[in-house]
Structures are given as C-alpha cells and as structure tokens.
Amino acid sequence: MMIKDSVLFITGANRGLGLAFAEEALKRGAKKVYAGVRHPTGATRPGIMQVRLDVTDRGSIADAANQCRDVALLVNNAGIARLNSNILDPSMIDSAREIFETNYFGMIAVSQAFAPTLARNGGGAIINVLSDATWYARPMLAGYSASKSAAWSFTNALRIELRNQKTAVLGLHVSFMDTDMTHGFDMKKTSPQQAAEAALIGLEANQEEVLADDFTKEAKRSLSGEKPIYLDPPPLG
C-alpha cells in the first residue's frame, strides 16, 4: 500500500508515536489524517482532523468508524503501561486488566469497527503498534509485556482473516521510545519519528513485520535459541 493520497485513522494520536505517524504520513503525501484522541482540543493542523475516541468505549469506537468512512489505513497505536513493584503483589491483577482493556481488547475492537470500511475502500492496511516486550518480559512491565504478546498473536491472526478482503496487516515492534511513557528512564531510546518512518516504509514495501531498532531485533532473534536476551538487559535507570 502506498501512503500518497491515502486517508489514515490513528488511535492515540495526540502526541508521541501517534503524532509522529500523522506527521510522517503527511510528509509522504497522505490526503488526510484522522487523529483519534480521548479529548479533542479543537486545535487544527493542516491535514489532521481530531476525532473523539476512547478505545475502551465501544460506543466511542462505533461513532468514530461511522464518522470516518474514507479511511484506507488504520494505525492501532493507543497503548498504556503501568509499572509493577512486585509481580507477586495481588494488585498486579487489576493493573493487568486495565492494560489489556486498552492494549489488547481496544486493538481488537477498533480493528473490528474499521475492517468493513477498509474493505469498501479497496482493502487498505492496518498497522498494529507492538513492542520488544512481546518477546522480552521485564518483571517491572509484566502486565504490559503480556498485553503486547497477546496483541502480536491477534495481529498474526488478523492478517490471515483479512487476506480475502485484500487488507494488509503489519506489526511494528519497537523498544523504549522517547515519549511521555518513558519519561524519567535513563536509557537509549528510539525516536517516535524513526519508528513511524520505519513502519510506513515497511508497509509500502509489503512487509508484514517491522523491527524498528537493534534491541528489538535482538529480542526477536533470541526466540530461535540464540543467547537468551535476559542475560544482558538494557539499563532501566
């Protein structure tokens, strides 16, 4: 799929990676970008239209899909993370449920709502924002990691399901990015712009998975039986 002259809908698009996706798409010639945000501010940018969206609210999702009927590329970017002080603490169960509502069930619900629109508009594509945490579970982010592993599994199933309607599905995996979510962590971070650019280049090249940085690539390689990645984790401050 080519980005030029396309119409995008991006969840969680008010800042960070979502905003980077919007800006990169417009730079590549996208016709319009719908920015899904919980609380529209009324602020406008050329080519970007804010749309109220809460991915944990089915009514909000349905309203957004009904409003944005010309979408050809959906970017499931909305996500949250919560730190665990101890994964054996019972409070982790409630924290994990909250994370799954956004990162997993939210992704499913938005994909279901927009899939018919993509089919009517020729197939188009979906980009699901995943993580190196899909394969490397840090204890402090155990709930987040589990949600991204589940989202990866859904992404792979969605790709098969939507093949008949000619909708491409790409999974973007990226390690820590320089966004509000990682504020205060002293570590090497990938820029949101780098991740968005890599994903859109990969989509135009018909790739099904994009690994946006070296640590993510190492995490994926560790699945094949090479050096276990947990023996040499990146610093966390």
Side-chain angles (χ1 to χ4, degrees), residues 10-12 15-21 24 75-88 92 95-96 99-100 102-104 107 125-160 168-237:
I10 305 169
T11 69
R15 62 184 184 275
L17 181 57
L19 181 57
F21 262 114
E24 183 64 27
V75 181
N76 281 313
N77 166 70
I80 62 173
R82 300 286 184 264
L83 296 181
N84 308 301
S85 58
N86 183 343
I87 63 173
L88 300 182
M92 183 192 159
S95 174
I99 293 168
F100 265 77
T102 295
N103 297 4
Y104 180 63
M107 178 182 289
I126 297 174
I127 295 176
N128 287 342
V129 176
L130 305 171
S131 173
D132 69 323
T134 300
W135 309 301
Y136 175 50
R138 303 165 178 87
M140 65 185 297
L141 290 170
Y144 174 81
S145 297
S147 74
K148 289 299 183 177
S149 294
W152 179 45
S153 180
F154 170 71
T155 297
N156 293 335
L158 185 66
R159 184 178 301 115
I160 297 169
V169 177
L170 182 148
L172 168 66
H173 297 263
V174 59
S175 188
F176 289 101
M177 283 185 292
D178 190 10
T179 65
D180 290 351
M181 190 180 289
T182 63
H183 180 71
F185 286 124
D186 181 16
M187 65 183 76
K188 182 178 180 181
K189 301 175 186 177
T190 301
S191 74
Q193 293 75 21
Q194 177 186 335
E197 180 182 26
L200 296 182
I201 289 174
L203 184 66
E204 291 190 332
N206 298 316
Q207 295 179 16
E208 295 183 344
E209 196 164 73
V210 168
L211 312 182
D213 55 83
D214 290 339
F215 187 80
T216 300
K217 293 172 184 175
E218 183 182 348
K220 181 69 181 291
R221 282 195 301 268
S222 73
L223 299 181
S224 65
E226 297 182 24
K227 175 185 176 184
I229 199 166
Y230 57 79
L231 295 181
D232 188 22
L236 289 175

Output the distance between atom [atom1] ([X]) and atom [atom2] ([Y]), rounded to the nearest 0.5 Å.
X    : Y    : atom1 : atom2 : value
E209 : T216 : CD    : OG1   : 10.5 Å
S95  : I80  : OG    : CD1   : 7.5 Å
F176 : T190 : CZ    : OG1   : 10.5 Å
L141 : S131 : CG    : OG    : 8.5 Å
L17  : L172 : CG    : CG    : 6.5 Å
K220 : D132 : NZ    : CG    : 12.5 Å

According to ring pair (Phe, Tyr, Trp, His ring centres under 6.0 Å), who are the partners of F154, at least two apart in sequence or on a separate chain? none
Less than 4.5 Å apart, any side-chain heavy atom of [X] and any of [Y]?
X    : Y    : value
Y104 : I99  : no
L170 : V210 : yes
L203 : I127 : yes
L130 : M107 : yes

Ring centroids only, cut at 6.0 angstrom: are Y136 and F215 within range, meaning strictly under it?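 Between Y136 and F215, the centre distance is under 6.0 Å.
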For [X], all residues meeting side-chain hydrogen bond (donor to acceptor under 3.5 Å, both in side chains), sequence neighbours excluded:
X    : result
T155 : N128
N84  : none
T11  : none
N103 : S147

Where do [X] and [Y] come nearest, in terms of heavy atoms and distance?
X    : Y    : value
A81  : Y144 : CB-CD1, 3.7 Å
G12  : A78  : N-CB, 3.9 Å
F100 : A150 : CE2-CB, 3.8 Å

Residues that [X] engages under side chain to side chain contact (heavy atoms under 4.5 Å, CB included), provided they are two or more places apart:
X    : value
S149 : T134
S191 : Q193, Q194
A137 : S145
E208 : R159, R163

Whether W135 and H173 hold their rings parallel, tilted or perpendicular, with breakpoints at 30° and 60°: parallel
Determine whether M177 and V174 satisfy the following criterion, side-chain contact (heavy atoms from CB on, under 4.5 Å), listing intermediate values before the conclusion. CA-CA 8 Å; M177 283 185 292; V174 59; 3.7 Å; yes
